Amino acid sequence: MSRYEPSVIEPKWQEAWDKAEAFTARRDPDRPKYYVLEMFPYPSGRIHMGHVRNYTMGDVVARTKSAQGFSVLHPMGWDAFGMPAENAAMERGGHPKDWTYGNIADMKAQMKPLGLSIDWSRELATCDPEYYGQQQAMFIDMMEAGLVYRKAAVVNWDPVDMTVLANEQVIDGKGWRSGAAVERRELTQWFFRISDYSEELLSALDGLTNWPEKVRLMQANWIGKSRGLQFGFETVGGPAGFETLEVYTTRPDTLMGASFAAISPDHPLARVLEGDPKVAAFLAEARKGGTTAEALETAEKIGFDTGIRVKHPLDPTWELPVWIANFILMDYGTGAIFGCPAHDQRDFDFATKYGLPIKPVFLGEAMEESLAEAYVPMKSERVTYVRGFAGAATQTGDDGVATAIAHAEAQGYGKGVTKFRLRDWGVSRQRYWGCPIPVIHCATCGVVPEAKANLPIELPYDVSFDIPGNPLDRHPTWRDCACPKCGAAARRETDTMDTFVDSSWYYARFTAPRATTPTVMEDAAYWMNVDQYIGGVEHAILHLLYSRFFARAMMKTGHLPAMAVEPFNALFTQGMVTHETYETTEVTGPNDPRGEGIKFQKYRFPEEVEHRSGSAFLKSSGAPVDVSPPSKMSKSKKNVVDPMNIIASFGADTARWFVMSDSPPERDVEWTSSGAEAAFKHLSRVWALCSRIGDMPADHKGEGDADLARATARAIDEVTKGIEGFAFNKAIAGLYGFTNTIAKANASTPTMKHAIRTLAQLMSPMTPHIAESIWTYQGGAGLCTQAAWPKADPALLIDDTVTLPIQINGKRRAEISVPKDMPAPEVEKLALADEDVVRFLAGQPVKKIIVVPGRIINVVI
RNA sequence: GCCCGCGUGGUGGAACGGUAGACACAGGGGACUUAAAAUCCCUCGGCUGCAAGGCCUUGCCGGUUCAAGUCCGGCCGCGGGCACCA
């Protein structure tokens, strides 16, 4: 065998796999199926190391399952709609469609050399009309099933770009692109009724035992179930229709500490009062500012006393003022609260500012200090509370809330209710590059779904991006259509769908990607669910929650079988690929607009930097380089390593091996050039080892046959467990160990050949190309990729003799070798007779001796 | 503020409550070479000892146990998620 040259063997084996159609997924009733999926990429045009790590993990699983006899589905597609394509069109000209499909072609060309076991015949892009047309069909079905509705909602509106902005796109109250002050505007938007499924999406999390606990928790918090009391305040001096004011509280046990009531600026009562110019002025002030987290954080609490009073439910003679306050949200609870400044920080801030009374209801040691801090923990005694609630038994702990609810229900002034934080999913986007919402506005029939025969509603190609706003809105003809109901001239909806819709069902589409219906039941029933889903933790909430909702919606509309309610059986969230960042200190030149002689830091690419004796220098000039700790690879910090460069210099197998080694897959892995070189060196060593074994004379005899056979069995066991347990770093550690063992072994030729063939098989999920070469060179039949996964002989996994450490009072002092099944009393005798033990005991009596068979012996004196 | 996770050599990390530091990177020493690269061998937590060995060591303090990196309680530090959600 010649030198290890990845650039020669890798394309060769990829071609062989293609020719054998080794990765084409086929429905096979005789074999169990396995569906492994990595979160599909956005086609930015360049793959990065994060992609390499993500897809290699999926590939390791897919290849292993395939070798283990499963019928494997491992597809790939493109999450292809979205703003970057439009931004590119605005900045550089060109068309979003051309830009996107060009990027897909580029990225696919970069992914191919990785040698992933992907069934490319199922490739899809969400911007294909064949894909989004089916999505439109489902939208119509969901409308009919009552899962879709329209309502007015307050949004962030960019008056310059003339579009709605997501909260993340509002920075310091300004649009991220235009820099214009963002307005709160009410727009009629399309919504999915995800909140109908709050309870189910929450309770079904318990069944997702193969999901990371962290993700389940994040989803549970996002859904945000709370139990509280809803009751009506009787108003005094309120306008007609507001004889009572409904409020919701999760702390009904603090009801006796009420000092005011407050309503949201968007509350119906506030709107009624808006006729008063003073109220109107206040509301204008209160509604200013974006809806972003930062805007809310810094916003000062402001309020307006309406003059209306309400009666305390437990004491009608006790009246509380009703304020309008900017910190009350309309879309949580009832949009109105009772304020208890003694036990709520926000109420405390508000009461302090406006001089409202602060009335603690809990007595206890914590009381004195906590008065200043406003919040008293639940566990303090509730003496005042008990007085307030008509002499009930003393309450401590969390059941105070339950008791208060029970009391309210018995007295008839309120009832216990369950609320969720989860809101309905607004899917309207005033954007071009997305899936058109298949709806028609007719002057006589109103809002009508498009006829399915007219699907897909394709995006028009002739649009321009030189003016801000949605090009669909100003297209001369695209909006014009006939009403599907009455045939009259009508107008199309010009909003497109949130791209999260596209990614909420692609996993189901992969089971029948070319079908003329969204799914095909037979195929979905065979392939669903996804057995292993792999992706970044950044999708822990939205993408996964929407997908879980969509699976339910698809079930309800007949597009998925009932067994697919939870589409992802197992989820794995992988860590990022990080790299150190490098900066040099530069000085501005004479013509610099910043002024001459000013120092500044400049990021440097890793390939510009060399490391010498623990420090870093610029290759070109030798200037010193500042090194910062590893962080996520990003273009702006220039701490990126292009996978294409690594493949060019070391091959795909080295890149794959490196990203899977060292760090556990759920954690970040730091890319280092020394690590990549080490991976390459190791593969070269394996290659040389294979060559050496190939040169051994067929009749070579050795002493170590039994040992090598045992080591082979152990390696099979260790690597298989490592892969199946998503501990790829441990599987790789096992492969290093096994390689070293083979290299040192002195066994007969057939045993050596068997060992190295097994090594090739065990390596093949990680480094499939070199594995094929070794396999073939050592006389393996067919493709290594298609060979059955090796099985460890259980008899060889158990050693005949075991080495047992002997502890004296918990400290290791000696060890003995004993046959593996020696009875405990004999082990005990041997241990006490050991010379080191005797020396340590020095004649002291043994109080107790513990023998854990096959593990350890502990002598207590 | 609320919820969650994590602290092990110079580094990434191993370790069913049972020999802490597997495997790898970096470092040190050596062989081969005119030399370098490549390759191979040895060494590599700290202190101590000529050595055999001994003592210490998993963020800090305490507890449970024959035995604790692992379990329990309390601190300290780091990271993540959510957040005027009543």
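The model shown is predicted, which means the values in this text are computed figures rather than measured ones. Below, chains carry the letters A, B, ... as their sequence lines are ordered, and counting in each starts from 1.
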How would you label the contact of A:Phe840 with the nucleic acid (heavy atoms, under 4.0 Å): base, sugar-phosphate, or nothing?
sugar-phosphate

Contact class for A:Glu670 (heavy atom, under 4.0 Å): base, sugar-phosphate, or nothing?
nothing

Out of A:Tyr736, A:Phe650, A:Phe658, which residue meets the ring pair (Phe, Tyr, Trp, His ring centres under 6.0 Å) rule with A:His682?
A:Tyr736

Under 3.5 Å, is there a donor-acceptor pair between the side chain of A:Arg685 and the main chain of A:Phe680?
no

Any carboxylate oxygen within less than 4.0 angstrom of a Lys/Arg side-chain nitrogen, looking at A:Glu724 and A:Lys721?
no

Whole Å only: how far is the CZ atom of A:Phe327 from the P atom of B:rA83?
18 Å

Proximity to the side chain of A:Ile337 - top-ranked nucleotide from B:rA86, B:rC16, B:rA24:
B:rA86

Under the 3.5 angstrom rule, does the side chain of A:Ser661 hit a backbone N or O of A:Ile732 as a donor-acceptor pair?
no

Using a cut-off of less than 4.0 Å, is there contact between a side-chain N or O of A:Lys811 and OP1 or OP2 of B:rC56?
yes

OP1 or OP2 of B:rA86 under 4.0 Å from side-chain N/O of A:Arg421
no

Other residues, nucleotides and ligands only: do more than 12 of their heavy atoms fall within 6.0 Å of NZ on A:Lys820?
yes

Strictly below 4.0 Å: does A:Arg667 bring a side-chain N or O up to OP1 or OP2 of B:rG12?
no

Mind checking if A:Asp331 touches a base, just sugar-phosphate, or nothing, with heavy atoms under 4.0 Å?
nothing

With a cut-off of less than 4.0 Å, is there a side-chain N or O of A:Tyr248 near OP1 or OP2 of B:rA86?
no

Heavy-atom distance under 4.5 Å between the side chains of A:Glu670 and A:Thr672, does that happen here?
yes

What interatomic distance, in whole Å, is found between P of B:rU11 and the corresponding atom of B:rC3?
33 Å

Would you say B:rA15 has OP1 or OP2 under 4.0 Å from some side-chain N or O of A:Lys730?
yes

Under 4.0 Å between any heavy atoms, over every strand shown, what does A:Val860 touch: base, sugar-phosphate, or nothing? Just pick one.
sugar-phosphate

Contiguous Watson-Crick or G-U pair runs (3 or more, under 3.5 Å) in RNA chain B
B:1-7 with B:76-82, B:10-12 with B:23-25, B:27-31 with B:39-43, B:45-48 with B:53-56, B:59-63 with B:71-75

Hey, can you pull the residues of residues 671-687 of chain A with a non-hydrogen atom under 4.0 angstrom from RNA chain B?
A:Ser674, A:Ala678, A:Lys681, A:Arg685

May I ask you to evaluate whether A:Asn809 reaches the phosphate of B:rA67, defined as a side-chain N or O under 4.0 Å from OP1 or OP2?
no

Looking for any heavy atom pair under 4.0 Å, which part of the strands does A:Asn858 touch: base, sugar-phosphate only, or nothing?
base

Of the listed nucleotides (B:rC84, B:rU19, B:rG54), which one gets closest to any side-chain atom of A:Glu815?
B:rU19

Can you tell me, in whole Å, how much space there is between the C1' of B:rA67 and that of B:rG30?
42 Å

Consider the side chain of A:Ile850, meaning its heavy atoms from C-beta on, and name the nucleotide among B:rC66, B:rC3, B:rA86 that approaches it most closely.
B:rC66

Considering only atom C1', compute the distance from B:rU33 to B:rA38 and round it to an integer number of Å.
11 Å

Taking only the side-chain heavy atoms of A:Ile856 (C-beta and beyond), determine which of B:rA22, B:rC85, B:rG18 contains the nearest atom.
B:rG18

Presence of A:Lys848 side-chain N/O under 4.0 Å of B:rC66 phosphate oxygens OP1/OP2
yes

Using the C1' atom as the reference point in each nucleotide, state the distance between B:rA37 and B:rA24 in Å, no decimals.
23 Å

OP1 or OP2 of B:rA24 sitting under 4.0 Å from any side-chain N/O of A:Asn740?
yes

For atom C1', what is the distance between B:rU57 and B:rG46, given to the nearest Å?
7 Å

Which part of the nucleic acid does A:Asp662 contact within heavy-atom distance under 4.0 Å: base, sugar-phosphate only, or nothing?
base

Taking A:Leu205's backbone N and O only, do any of them form a donor-acceptor pair with A:Gln219's side chain (distance below 3.5 Å, no angle check)?
no

Tell me: CG of A:Asp266 to P of B:rC84, nearest whole Å?
14 Å

Rounding to an integer number of angstrom, what distance separates B:rC72 and B:rG17 when you compare their C1' atoms?
13 Å

Looking at A:Trp687, does the NZ or CZ of A:Arg3 lie under 6.0 angstrom from its six-membered ring centre and within 45 degrees of the ring axis?
no

Which part of the nucleic acid, if any, lies within reach of A:Arg423 when heavy atoms closer than 4.0 Å are counted: base, sugar-phosphate only, or nothing?
base

Below 4.0 angstrom, N of the basic side chain to O of the carboxylate: do A:Arg839 and A:Asp834 qualify?
no

May I ask you to decide if A:Leu797's main-chain N or O and A:Arg710's side chain share a donor-acceptor pair within less than 3.5 Å?
no

Does the A:Arg667 side chain pair with the main chain of A:Gly575, one donor and one acceptor, at a distance under 3.5 Å?
no

When all nucleic acid strands are considered with a 4.0 Å heavy-atom cut-off, which category describes A:Ile328: base, sugar-phosphate, or nothing?
base

Rounded C1' spacing from B:rU70 to B:rG81 in Å:
26 Å

For atom C1', what is the distance between B:rG54 and B:rG18, given to the nearest Å?
23 Å

Quick one: does A:Asp424's side chain have a donor or acceptor within less than 3.5 Å of a partner on A:Ile194's backbone?
yes

